[in-house]
2 protein chains.
Amino acid sequence: MPAVAQTRTRLLQVASIRLAERGYHGTSLAAVAEDVGVSKQALLHYFGSKALLYCAVLDQLGQDLLQMLFSAMQDGQPAEQQLDSFFAALTARAVQDPWLPSLLLRVLIEERAAGSGDAAEPLPLQDFLEPLIAVIQATERFKASSFAQALATALQLLGGACLFPAAQAGLAHRFGPEVVDQLCDISPVQIQALLAARL
Amino acid sequence: MPAVAQTRTRLLQVASIRLAERGYHGTSLAAVAEDVGVSKQALLHYFGSKALLYCAVLDQLGQDLLQMLFSAMQDGQPAEQQLDSFFAALTARAVQDPWLPSLLLRVLIEERAAGSGDAAEPLPLQDFLEPLIAVIQATERFKASSFAQALATALQLLGGACLFPAAQAGLAHRFGPEVVDQLCDISPVQIQALLAARL
DNA sequence: GCCTCAACTTACCATTTGGTAAGTATCGGG
DNA sequence: CCCGATACTTACCAAATGGTAAGTTGAGGC
């Protein structure tokens, strides 16, 4: 099935997962390459260096999130419902792709990971965060609020929504898989409750 | 001032900060030791290995959090107010010690980091998480709810409360230091609003 | 004075890591 | 049929890392 040049895509996927699970420094190029079934140098062939691979992964993550946000912004619905749709989509995906919220939280926590030294490098996820804040500022509740307040709310929502799926694997280890199964069912309604309460 | 054996304490502090900022794999023993001003082997002298150092750091973190929780549980106040006090103390400390929420989130995300292979190793932070969930289950709102629902709420609250302080440094880089200053002021009331809305 | 023990230090080592150099195989175009 | 580009591979390397071995220093007990 994977005709050609699928290798790059698979490398990106595997790299995303490993970077989410073990972080930048905990992920070795050799491990990623081995998972995909190619040599380490194949990886370097596609993405010049580890830092650039990391940038590519974050780029992909930003695009994924942005697309989810845009999909939720389609029609002329009120901003509250747009946020509802977005976080519903986010949690739905997060349950089956736990690496996504893990990576998101990680990036937000680890400010600078792979800076090329250049000051003008585009911040990863910035293209996603700014529209998200804009939507929050478009709600009735935050119409008159400051940018900082909208940002605080965005972080609160993201943190509240992403921590469970990101911690999913560890929680199964702590409290048992059956509790996690229950949590997967509870999570979406819990997020809706959070949004309803905060907006 | 540091008479003797303060070295161990300082090593633990510096290790906590570096582990929070850069994660387990991103933190080298040599770097921690150098920050304190001793040799790498002094570190190994006190904590047998890197994995044991990590365990010691997590132990300390768990104790810190547990103490904050117990302090908030003093008198016969209602559970709602106990949670209020705890999260107020947490955010107050988190603003000046951003490494604490960073480390907390990191540990929750990275399930297994330094397992001795033994299956019966005590889970880090478990002694803190369980009482916290118990307090949530003691509230009117969650009195009749399942354990899983209380756990979901605990994670939502922790995520919502910890993401901003943990991301503080990166946010200053993204949106400028003045926005972060505003956020530091906003954060506590935002957390109170979150608690009031969810309990 | 001497023994012991904690609290370190300098040397050293095996492994892993990111990265370079150079070679090979395949394929489409001219 | 050759040319170049793409998509890799094997070999190799310098640096960093966690960890071991052995030595040094100073204080307290006998």
Side-chain angles (χ1 to χ4, degrees), chain A residues 1-60 106 110 112-118 121 124, chain B residues 1-59 106 110 112-118 121:
Chain A
M1 192 79 74
V4 284
Q6 300 284 4
T7 303
R8 206 192 112 106
T9 305
R10 287 175 57 205
L11 283 169
L12 208 64
Q13 289 174 345
V14 171
S16 297
I17 295 173
R18 289 197 89 102
L19 284 168
E21 283 176 347
R22 312 160 101 101
Y24 183 79
H25 298 283
T27 301
S28 76
L29 301 182
V32 173
E34 193 184 11
D35 262 21
V36 175
V38 296
S39 71
K40 178 182 59 169
Q41 278 59 25
L43 214 176
L44 283 158
H45 168 69
Y46 284 108
F47 312 87
S49 75
K50 187 180 184 179
L52 290 176
L53 168 65
Y54 185 66
C55 288
V57 166
L58 293 195
D59 239 54
Q60 183 65 44
R106 236 185 246 275
E110 302 177 16
R112 76 253 167 276
S116 50
D118 198 322
E121 46 177 330
Chain B
M1 192 79 75
V4 284
Q6 299 285 4
T7 303
R8 206 191 112 106
T9 305
R10 286 176 58 205
L11 282 168
L12 208 63
Q13 289 173 344
V14 171
S16 296
I17 295 173
R18 288 197 91 102
L19 284 168
E21 284 176 346
R22 313 160 101 100
Y24 182 79
H25 298 283
T27 301
S28 75
L29 300 182
V32 173
E34 193 184 11
D35 263 21
V36 175
V38 296
S39 70
K40 179 181 59 170
Q41 278 61 24
L43 213 175
L44 283 158
H45 169 70
Y46 284 109
F47 314 85
S49 75
K50 188 180 184 179
L52 290 175
L53 168 65
Y54 185 65
C55 287
V57 166
L58 293 195
D59 238 55
R106 234 184 246 275
E110 302 178 15
R112 77 248 168 275
S116 49
D118 198 325
E121 47 178 329

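Letters A, B, ... mirror the listed sequences (proteins, then strands); counts begin at 1.
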Discussion item. If I take atom OH from residue A/Tyr24 and atom NZ from residue A/Lys50, how far apart are they, to the nearest 0.5 angstrom?
Written reply: 5.0 Å
Worksheet entry | Rounded interatomic separation in angstrom, taking CZ from A/Arg8 and P from D/dT6 | 14 Å
Item to complete: Would you mind reading off the distance between A/Gln41 atom CD and C/dA25 atom P, rounded to a whole angstrom?
Response: 18 Å
Worksheet item: Which part of the nucleic acid, if any, lies within contact of B/Ser39, taking any heavy atom under 4.0 Å across all strands shown: a base, the sugar-phosphate backbone alone, or nothing?
Response: base
Worksheet item: Can you list the steps and then say if B/Leu53 with B/Leu29 is a side-chain contact (heavy atoms from CB on, under 4.5 Å)?
Response: CA-CA 9 Å; B/Leu53 168 65; B/Leu29 300 182; 4.0 Å; yes
Practice prompt. Grab the CZ-C1' distance between B/Phe47 and C/dA7 for me, whole Å please.
Written response: 13 Å
Discussion item. Here's a test for you: under side chain to side chain contact (heavy atoms under 4.5 Å, CB included), which of A/Leu11, A/Ile17, A/Val38, A/Leu12 qualifies with A/Val32?
Written reply: A/Leu11
Worksheet, complete the sentence: dist A/Thr27:OG1 -> A/Glu21:CD (nearest 0.5 Å) comes out at 8.5 Å
Discussion item. Strictly below 4.0 Å: does A/Thr7 bring a side-chain N or O up to OP1 or OP2 of D/dA7?
Written reply: no
Discussion item. Could you check whether any side-chain heavy atom of B/Lys40 comes within less than 4.5 Å of a side-chain heavy atom of B/Glu34, counting everything from C-beta outward?
Written reply: no
Practice prompt. Give a yes/no answer on whether the side chain of B/Ser49 brings an N or O atom under 4.0 Å of OP1 or OP2 in D/dG18.
Written response: no
Worksheet item: Heavy atoms under 4.0 Å, any strand shown: does A/Leu44 hit a base, just sugar-phosphate, or nothing?
Response: base
Item to complete: Using whole Å, report how far NZ of A/Lys50 lies from P of C/dT16.
Response: 15 Å
Practice prompt. Rounded to the nearest angstrom, tell me the gap between atom CG in B/Leu29 and atom P in D/dG19.
Written response: 6 Å
Worksheet entry | A/Tyr46 side chain near D/dT6 phosphate (N/O to OP1/OP2, under 4.0 Å) | no
Worksheet item: Which whole-number value in Å describes the distance from A/Gln6 CD to D/dT6 P?
Response: 18 Å
Worksheet item: For B/His25 and D/dT17, what is the distance between atoms NE2 and P respectively, to the nearest whole Å?
Response: 14 Å
Fill in: Integer-rounded Å distance: D/dA11 C1' and A/Lys40 NZ
11 Å
Practice prompt. Tell me which nucleotide among D/dC8, C/dC8, C/dT17 gets nearest to the side chain of B/Ala42.
Written response: C/dC8
